[in-house]
Undergrad: 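Have a look at the structure that comes next, please.
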Amino acid sequence: MIDLTHPLDDSAPRCAGHPVFACHPALTLSSDGINVSTLTIGSHTGTHVDAPYHFLADGLRVDQLNLSLLVAPAVLVDVRGKPPRSKITWRDLEPYAHRFRKGVMVILHTGWSKYWGQERYKDHPSLEVDAARRIMAAGVRVLGVDALSPDEIPLPGEKDRFDVHHVILGSGGVIAENLDNLETIDFDDPIISLLPLRLTDCDGSPIRAVAWQASKQP
Ligand SMILES: [Zn+2]
């Protein structure tokens with residue numbers, strides 16, 4: 001079982017305005033006889049999924065997602081080597097496109113997870129909106145990325161753009177962000193699990209993302 005999840009602590013990179021993660025003792029062994037913690041967490045903290053409701057008032061909430069889409073065969077698209085803030089285009093995806101179909105998730109492997117916690121983590125390559133449309137047109141409903149977002153993170157003073165989010169979530173799809181360790185998937189037939197917490201009416205959820213080889217038992 002390969003862990004595709006970043007560790008969760010207060011150093012987790014986040015988009016502007018998102019809550020800072022915290023885990024504090026609420027009860028302790030020494031005073032109360034048990035350890036219990038209080039968690040402060042955003043719905044988009046660390047490795048997580050975005051539900052359509054993140055951007056669409058009438059979109060599916062995270063507790064309404066079809067779980068069978070979120071434990072599924074994955075096509076890993078190797079786009080390592082793309083320069084910072086460059087665009088991932090359909091030309092980059094084309095060698096993998098014959099495997100894009102309903103029930104398969106597409107995972108963009110940018111290699112950016114190694115910058116987790118560094119300033120340049122926000123300078124990841126981003127997906128061209130036309131390429132996002134073509135992925136969805138093939139029937140795919142889950143797009144994952146080992147970076148903060150499939151969209152470009154704005155530079156200071158720039159306006160936020162969420163074109164890819166609108167295309168994926170607007171098609172009833174799900175986005176998984178901040179995946180880790182994709183380079184350790186060294187086999188051709190990965191199954192990836194991106195199961196969210198069952199948070200009533202919520203727009204997203206932290207996940208424990210894992211992968212295993214379809215031809216072997218986990
Ligand atoms: Zn998100």
Side-chain angles (χ1 to χ4, degrees), residues 4-22 39-67 69-72 74 77 85 88 105-110 112-113 115-118 121-129 131-132 135-136 140-154 158-182 192-210:
L4 306 180
T5 321
H6 282 288
L8 210 43
D9 53 40
D10 57 11
S11 70
R14 59 203 175 86
C15 294
H18 286 234
V20 177
F21 175 82
L39 298 175
T40 307
I41 193 167
S43 49
H44 300 262
T45 301
T47 305
H48 70 276
V49 291
D50 294 358
Y53 182 54
H54 188 29
F55 277 86
L56 296 140
D58 59 350
L60 285 179
R61 291 8 183 210
V62 79
D63 55 321
Q64 298 170 329
L65 297 178
N66 176 358
L67 297 183
L69 288 177
L70 297 171
V71 184
V77 176
R85 293 191 169 271
I88 299 163
M105 50 176 90
V106 171
I107 307 290
L108 302 177
H109 185 190
T110 67
W112 234 254
S113 61
Y115 301 128
W116 180 254
Q118 300 177 32
Y121 190 63
K122 293 183 175 172
D123 295 333
H124 56 79
S126 58
L127 186 61
E128 209 169 61
V129 67
I135 293 170
M136 299 312 280
V140 172
R141 286 295 174 272
V142 180
L143 177 79
V145 64
D146 59 346
L148 196 52
S149 172
D151 278 304
E152 199 172 326
I153 303 298
E158 277 182 2
K159 217 173 146 287
D160 255 330
R161 291 184 62 113
F162 293 109
D163 297 346
V164 172
H165 274 79
H166 280 288
V167 167
I168 308 289
L169 303 178
S171 312
V174 176
I175 300 172
E177 292 162 335
N178 296 326
L179 295 171
D180 193 17
N181 289 329
L182 293 177
I192 290 184
S193 169
L194 305 170
L195 293 176
L197 296 176
R198 194 172 177 178
L199 299 169
T200 302
D201 282 340
C202 200
D203 47 83
S205 169
I207 57 173
R208 186 68 181 259
V210 294

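Ligands are counted one by one from 1 in listed order, and the atoms in each one are counted from 1 as well.
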Undergrad: For the Zn ion (ligand 1), find the closest N/O/S atom on Glu177 and give its atom name.
TA: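 Relative to the Zn ion (ligand 1), the closest nitrogen, oxygen or sulfur of Glu177 carries the name OE1.
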Undergrad: Determine yes or no for a side-chain-to-main-chain donor-acceptor pair under 3.5 angstrom, with His166 supplying the side chain and Val164 the backbone.
TA: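 No; zero donor-acceptor contacts below 3.5 Å.
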Undergrad: For Asn66, which residues count as a side-chain contact (heavy atoms from CB on, under 4.5 Å) partner, sequence neighbours excluded?
TA: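 Asn66: side-chain contact (heavy atoms from CB on, under 4.5 Å) contacts with Ser68, Leu69.
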Undergrad: Output the atom name for the N/O/S atom of Asp50 with the smallest distance to the Zn ion (ligand 1).
TA: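 Going by distance to the Zn ion (ligand 1), the closest N, O or S atom in Asp50 is OD1.
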Undergrad: With sequence neighbours excluded, what pairs up with Ser149 under the side-chain contact (heavy atoms from CB on, under 4.5 Å) test?
TA: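 In terms of side-chain contact (heavy atoms from CB on, under 4.5 Å), with neighbours along the sequence ignored, Ser149 is linked to His124, Asp151, Ile153, His165, Glu177.
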Undergrad: How wide is the angle at the Zn ion (ligand 1) between ND1 in His44 and NE2 in His48, to the nearest 10°?
TA: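 Taking the Zn ion (ligand 1) as the apex, the two atoms subtend 90°.
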Undergrad: Hey, which of Trp116, Trp112, Phe21, Tyr115 is the one that makes ring-ring contact (aromatic ring centres under 6.0 Å, His included) with His6?
TA: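 Going through the options one by one, the only one that passes is Trp116.
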